[in-house]
Asks: 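Right, I'll just put the structure down here and ask away after.
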Amino acid sequence: MPRDTLTADRIVRAAIELLDTEGLDGLNMRSLAKRLGSAATAVYWHIKTKDDLVRLASDAIWHEVELPDLATTDWRTAATAQAAGMHAMLTRHPWLVQAFGSHFLHGPGQARYNDLSLAIYEKAGFAAADADRAAAAVFTFVLGSALGPAAQVSLNRRLNKNGADAKQLMADAMTRATETAMRFPHLRERLDTTAATEYAAAPDSSFDFGLQSLLDGFEARLTGDRAGRRQ
């Protein structure tokens, strides 16, 4: 593909596809150029570094999160929809979880998301500083909830690339982890009633349980603050 047929947008879209398939460690300009049918030098002409490419790719996928309309939605419904949208996006693109720990990520897509977060918690009744804290708490919770699945994807990819039997290695690790867990009473009780493979996974609805518990806490705090001001 001649260089003049390339655009930064096309390169970023191809990078997202490559990242989804190969992960953050699998992204390099040579592989990306091959996917585009171009030369690596042509890619560099549009986007100078791999760090720039990761930043642009990460910001592009933030636009996948559909943001609720605060003019027609109560704050709690909006907060739930926004957090669920972020969680779904991170599930589709698990490499972004890893990128948060290794790259400076910023751009209009993420800023758009963060701006609405502040608006949601200000609408709830938080003063500016506490709206910042509430938004950060939910953001951190969602990111943490996506960490386990993202790590599993990365681990499976690494084991398969090394020619290892990922399923057998996982089974062996689970056996050792179960033997260790049986030494502790609360873990042993769970394992006595639950298959080890089921217990290792996050319980059903754990994301929704955690998110709603956070929002319950926010609501209780706001109620307490309003009661205090009336006294």
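Just so it is clear, the structure is predicted and the values come from calculations on it, not from any experiment. Values reported hereafter were calculated over all heavy atoms of this structure, with side chains retained and with hydrogens, waters and symmetry mates removed. Here, residue 1 is the first one in the sequence, and each next residue gets the next number.
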Asks: Could you label the plane-to-plane angle of the Tyr121 and Phe126 rings as parallel, tilted or perpendicular, counting under 30° as parallel and over 60° as perpendicular?
Replies: tilted
Asks: Tabulate below the donor-acceptor pairs under 3.5 Å that side-chain atoms of residues 11-21 make, not counting sequence neighbours, or state none.
Replies:
unit_1	atom_1	unit_2	atom_2	d
Asp20	OD1	His93	ND1	2.7
Asp20	OD1	Trp95	NE1	2.8
Asp20	OD2	His93	ND1	3.1
Thr21	OG1	Glu17	O	3.0

Asks: For Gln110, give me all partners under side-chain contact (heavy atoms from CB on, under 4.5 Å), at least two apart in sequence or on another chain.
Replies: Asp59, Trp62, Phe100, Leu105, Asn114, Phe139
Asks: Give the C-alpha distance, both sets of side-chain angles, the deciding distance and a yes or no for side chain to side chain contact (heavy atoms under 4.5 Å, CB included) between Arg92 and Ile61.
Replies: CA-CA 10 Å; Arg92 290 191 298 272; Ile61 61 178; over 6 Å; no
Asks: Please list, chain by chain and in numerical order, all residues satisfying side chain to side chain donor-acceptor pair (under 3.5 Å) with Ser31, sequence neighbours excluded.
Replies: Asn28
Asks: Enumerate donor-acceptor pairs with a distance under 3.5 Å from any side-chain N or O in residues 76-84 to protein atoms, sequence neighbours excluded.
Replies:
unit_1	atom_1	unit_2	atom_2	d
Arg76	NE	Gln212	OE1	3.4
Arg76	NH1	Asp216	OD1	2.9
Arg76	NH1	Glu219	OE1	2.7
Arg76	NH2	Gln212	O	3.2
Arg76	NH2	Gln212	OE1	3.0
Arg76	NH2	Asp216	OD1	2.5
Thr77	OG1	Asp74	OD1	2.7
Thr77	OG1	Asp74	OD2	3.2
Thr80	OG1	Arg76	O	3.0
Thr80	OG1	Gln212	NE2	3.2
Gln82	OE1	Ser117	OG	3.2
Gln82	NE2	Tyr113	O	2.9
Gln82	NE2	Ser117	OG	3.0

Asks: Would you call Leu24 and His103 a side-chain contact if the rule is heavy atoms closer than 4.5 Å?
Replies: yes
Asks: Begin with the C-alpha distance, continue with both residues' side-chain angles, and end with the deciding distance and a verdict on side chain to side chain contact (heavy atoms under 4.5 Å, CB included) for Val138 and Phe218.
Replies: CA-CA 10 Å; Val138 173; Phe218 293 165; 3.6 Å; yes
Asks: Under 3.5 Å, is there a donor-acceptor pair between the side chain of Ser205 and the main chain of Asp208?
Replies: no
Asks: State whether the number of non-hydrogen atoms from other residues, nucleotides or ligands found under 6.0 Å of Glu66 atom CD is greater than 12.
Replies: no
Asks: State which residues pass side-chain contact (heavy atoms from CB on, under 4.5 Å) with Ala111; sequence neighbours excluded, sorted by chain then number.
Replies: none
Asks: Under the side chain to side chain contact (heavy atoms under 4.5 Å, CB included) rule, what do Leu90 and His87 come out as? Steps first, then yes or no, please.
Replies: CA-CA 5 Å; Leu90 292 174; His87 190 264; 5.8 Å; no
Asks: Using the test side-chain contact (heavy atoms from CB on, under 4.5 Å), find all partners of Asp52 that sit at least two apart in sequence or belong to another chain.
Replies: Ile47, Lys48, Thr49, Arg55
